[in-house]
There are 2 protein chains.
Amino acid sequence: MVTLKELAKLLNVSVSTVSKALSDSSEIGENTKRRVTELANELNYKPNRIAQQLKTSKTKVVGVVVPSLMNPFFAEVVHGIETTLENHNYDMMVCISNESLEKEQRSFDLLSTGSVDGFIVAVARETQTNHSIKHFENVGRTTPIVMFDRVLNDVACSKVVVDDFETVYQATKYLIEEENRKHLLLISNIEELSVGKQRIKGYAKAIEEANLKSSVLKLDDEINPDELILEHLKKNLNIDAIISIDHITGIMALNMVKKIDKKVPDDISVIGFDYVDSKFVSSPKISVVNQKGFKIGETSAKLLLDELNSKSRVKHKTIMVKSLLSLNGTTQNK
Amino acid sequence: MVTLKELAKLLNVSVSTVSKALSDSSEIGENTKRRVTELANELNYKPNRIAQQLKTSKTKVVGVVVPSLMNPFFAEVVHGIETTLENHNYDMMVCISNESLEKEQRSFDLLSTGSVDGFIVAVARETQTNHSIKHFENVGRTTPIVMFDRVLNDVACSKVVVDDFETVYQATKYLIEEENRKHLLLISNIEELSVGKQRIKGYAKAIEEANLKSSVLKLDDEINPDELILEHLKKNLNIDAIISIDHITGIMALNMVKKIDKKVPDDISVIGFDYVDSKFVSSPKISVVNQKGFKIGETSAKLLLDELNSKSRVKHKTIMVKSLLSLNGTTQNK
DNA sequence: AAGATAATGGTAACACTTAAAGAGCTTGCA
DNA sequence: TGCAAGCTCTTTAAGTGTTACCATTATCTT
């Protein structure tokens, strides 16, 4: 690795001259600047980022801590984060909590000691159920944190949330009012998450307002969720609309409906949650709530960058990213 | 942030004493060690990683550069990488090339100047078509690189590859020999990738050995791939087996087969490529080639860690991770 | 000749590690 | 008894690559 020192020696100038010349300082003569930059290019000099980071105590790195990357929603958010950071010349260190509190804590511990300028996090399931917030509070004192999707209300930091309640409320209302559905079923495999609870509440409200009967099928950690859905459908042949609040059970339900010889969307409408491939793996293309993962990532990153680049301590913001009801082939779309 | 200096001042010892005490050096008296560690715990001292990194010129960070995280295969590999690195107390910086050569180069440029100890990369589509390898060669001289899946043969580095040829060859052979299929169709949307080419070759070989007619449907960047598949199926009603070489068109084909009123797997068998949700979104559960993404990530990470931890320059290895033919509901499995 | 201006140099600091030196003991042996 | 040798514990110093700040030198103005 070529260093400033070596350049300086080769050019017979001091290290500080080289440093200044390369940062195009007005203190340095044009001639010298040219000589320096030419040699630097020739030897392919690149400043050592670690040394810069130590000196300036800025890393230009953001720590991203998510429960999983195999959940397409998080993958999409991370993609949005990456794109935004990249545009502002930031890098990211990704840690996967695997829904484990301990791992999340370790990641925060490790990265908070100089490695990153700030954090973007979706809290682990375990953190959410245990209500452990110490690691956030400790780090948060010195390092900005932005939470998205899975958010802890009692941690003081900026947040990017999804209008889970409203979204599912609207979707349910659509099925009831526009499609005149009377016997709705909600399917959930994320019942214990805050977002899941919100979504179920949105459903419940719409159902209640219409004076219908609420019906919820919970599938947490089942081995054969599809069979449970099928059974449920067989036992409740009057079901005329299904709303799934995760990215997978909607498609599953769609497949099961076909098995009981009902037509989608004529006999039964299905609304699921979007993910990158949902359009491709379902037939007819499933109608979905599009959560705008990319936008959420983008928004989170921008929020964090704002905090990082303002010297004065900024007030914490909470931004809501609206979901979009995207009606495709499994609803009637009148 | 508490520093060694502050601890030293509070304890009236020198900085190096504190440093050594905390690393449990035998040079330091038990008494002092106790005093130091106690205060360090009390003040929640954590060594500044950046300073450590500068001093030791080890970062304990690996740069991971992948074309996308929204491709579930890469997400799975990255998960495998993360898990392995985590076990060895390494962190990772993830960059997404978005299939762009330029972005890939930028990532390598930036991270290679002190930020990471080594790289794990799946090369971008553009890199592969352009055959640009300079950025790998430059970095590779000083920093170990491990390539996986998308590999460039003319770059000297360790590699983790999938037995693409063999896998599809075997899968095709299975359809021909075990299920007695005569009119096979291969569907591909990754025709221009090296892995795609290999897979098609494997198919071609099996077809040739059986003296059958090769039929390939290419779907690169089509807007409505499902309709093209449907059309193709309608025009070729004698097709009795479909093999897809990516994670999405297999499920798509399965759905299309249902539309032409043929039964899977009685009339037509379907084999696709596995991804995390393929079991859940297909009905019957699709038979797949399981690429073992996690294992690939794990293997890549281990390979890199080996290189990092051996002082002598190690020979570059190429490891093949075998795929697994996982027969589910879309094949006859006699 | 004094002061302004331009160009460059030197030093310290960032937080840490580590080799080498030093201080204060106890031993051992003539 | 005296003192070199050895031991344990601690400090000093040098170094990692960079930047910020202050100092120095040379040249030019008036």
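Proteins get letters first, then strands, A, B, ... in listed order; numbering begins at 1 in each.
Using a 4.0 Å heavy-atom cutoff across all strands shown, S57(B) reaches no nucleic acid atom at all. At a threshold of 4.0 angstrom between heavy atoms, the contacts of E27(B) include nucleobase atoms, whether or not backbone atoms are also involved.
Nearest heavy-atom pair, K302(B) versus T84(B), reported as atom, atom and distance to 0.1 Å: CG-CG2, 3.9 Å.
Rounded to a whole Å, the CG atom of L7(B) is 14 Å from the P atom of dT11(D). To the nearest angstrom, C1' of dA15(C) lies 7 Å from OH of Y45(B). To the nearest angstrom, C1' of dT19(D) lies 13 Å from CG of L54(B). We find that CG of N48(A) is positioned 18 Å from P of dG15(D), with the value rounded to whole Å. One interatomic measurement links the two molecules: CG of N31(A) to P of dA6(C), which rounds to 16 Å at whole-angstrom precision. Atom CZ in R49(B) sits about 17 Å away from atom C1' in dT16(D), given to the nearest Å. Distance CG (L4(B)) to P (dT11(D)): 13 Å, rounded to an integer number of Å. Nucleotide dC9(D) holds its P atom 9 Å from the CD1 atom of I28(B), rounded to whole Å.
Judged by closest nucleotide on DNA chain D, N12(B) is the one of N12(B) and V2(A) placed further toward the 5' end. Both V13(B) and P47(A) lie near DNA chain D, and the one whose nearest nucleotide falls closer to the 5' end is V13(B).
In terms of polar N and O atoms assigned as donor or acceptor, the side chain of K5(A) never comes within less than 3.5 Å of the base of dG15(D) in a complementary pairing. In this model, no side-chain donor or acceptor of K58(B) finds a partner on the base of dT17(C) within 3.5 Å.
In this structure, Q52(A) does not reach the dG17(D) phosphate: none of its side-chain N or O atoms is under 4.0 Å from OP1 or OP2. Contact between the side-chain N/O atoms of T56(B) and the OP1/OP2 oxygens of dC16(C) is not found at any separation under 4.0 Å. Between dG9(C) and S14(A), a contact under 4.0 Å exists linking OP1 or OP2 to a side-chain N or O. OP1 or OP2 of dT8(C) sits under 4.0 Å from a side-chain N or O of T32(A). Taking 4.0 angstrom as the limit, S16(A) places none of its side-chain polar atoms (N or O) nearer than this to OP1 or OP2 of dG10(C).
Taking only side-chain atoms of S19(A), from C-beta outward, the nucleotide of dT8(C), dT17(C), dT19(D) with the closest atom is dT19(D). Each of dA12(C), dT17(C), dT8(C) was ranked by its minimum atom distance to the side chain of K55(B); first place goes to dT17(C).
Side-chain contact check for I96(B) versus E86(A): every heavy-atom pair is 4.5 Å or farther apart.
Using modelled atom types, one finds a donor on one side chain and an acceptor on the other under 3.5 Å when comparing E307(A) with S158(A). Using a 3.5 Å distance cut-off with no hydrogens or angles, the side chains of S23(B) and S25(B) do not pair a donor with an acceptor. Defined by atom type and a distance below 3.5 Å, a donor-acceptor pair is missing between the side-chain atoms of T129(B) and E192(B).
In this pair, F294(B) and H79(B) present their aromatic rings perpendicular. The plane angle is above 60°, beyond the 30 to 60° band.
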